[in-house]
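Please read the structure below before turning to the comments.
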Amino acid sequence: MLDAVGDSTWVEVSQGSDGLHVWGHGRLPGDAGRRLQLGDGTVELYCTGRYIAVTGHTFGGTPQRLGDLQHVVDNLLRGRAAG
């Protein structure tokens, strides 16, 4: 997932320090979110109707800007690795 995102968008450490939030732009079909298995973990995709605690704790050297992640979203929904 992080390889696919690269340095194109902001990634932050979650409030519990056990996960990451990848922030960016993309479209999901319909308005429903998705929870997908990816390796040993899960990826959650949301476009509306969710509240997420923003920590502001940038992961690594990712930029504090929102990038276009449509290619990542499309690959995840097709059941392929995010790259």
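In this structure, the side chain of Ser8 does not engage the main chain of Gly67 through any donor-acceptor pair within 3.5 Å.
In this view, Val54 and Trp10, Glu12, Trp23 satisfy the side chain to side chain contact (heavy atoms under 4.5 Å, CB included) rule, not counting sequence neighbours. In this structure Gln15 satisfies the side chain to side chain contact (heavy atoms under 4.5 Å, CB included) test together with Ala53, Thr55, sequence neighbours excluded. With sequence neighbours excluded, the residues forming a salt bridge (Lys or Arg N to Asp or Glu O under 4.0 Å) with Arg35 are Glu44, listed by chain and number.
There is no path of hydrophobic side-chain contacts, each under 4.5 Å, that joins Leu66 to Phe59. Tyr46 and Val73 fall into different hydrophobic clusters, where Ile, Leu, Val, Met, Phe, Trp and Tyr are joined by side-chain heavy atoms under 4.5 Å apart, directly or via other members.
In plain terms, the two heavy atoms of Leu28 and Cys47 that are nearest each other are CD1-N, 4.1 Å. Taking every heavy atom of both residues into account, Ala4 and Val72 meet most closely at CB-CG2, 3.9 Å. Of all non-hydrogen atoms in Leu69 and Val22, the two that sit nearest each other are CD1-CG1, 3.8 Å. The two residues Val11 and Val5 come nearest to each other via the heavy atoms CG2-CG1, 4.3 Å.
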Checklist line | Test log, rule side chain to side chain contact (heavy atoms under 4.5 Å, CB included), inputs His71 and Asp74 | finding: CA-CA 5 Å; His71 68 288; Asp74 291 343; 5.6 Å; no
Next item on the list: Go through the steps to decide whether Val13 and Leu20 satisfy the test side chain to side chain contact (heavy atoms under 4.5 Å, CB included), and finish with yes or no.
Entry: CA-CA 5 Å; Val13 179; Leu20 298 173; 4.2 Å; yes
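Residues in residues 48-73 take part in no salt bridge (charged side-chain N to carboxylate O under 4.0 Å, His left out) pair, two or more places apart or across chains.
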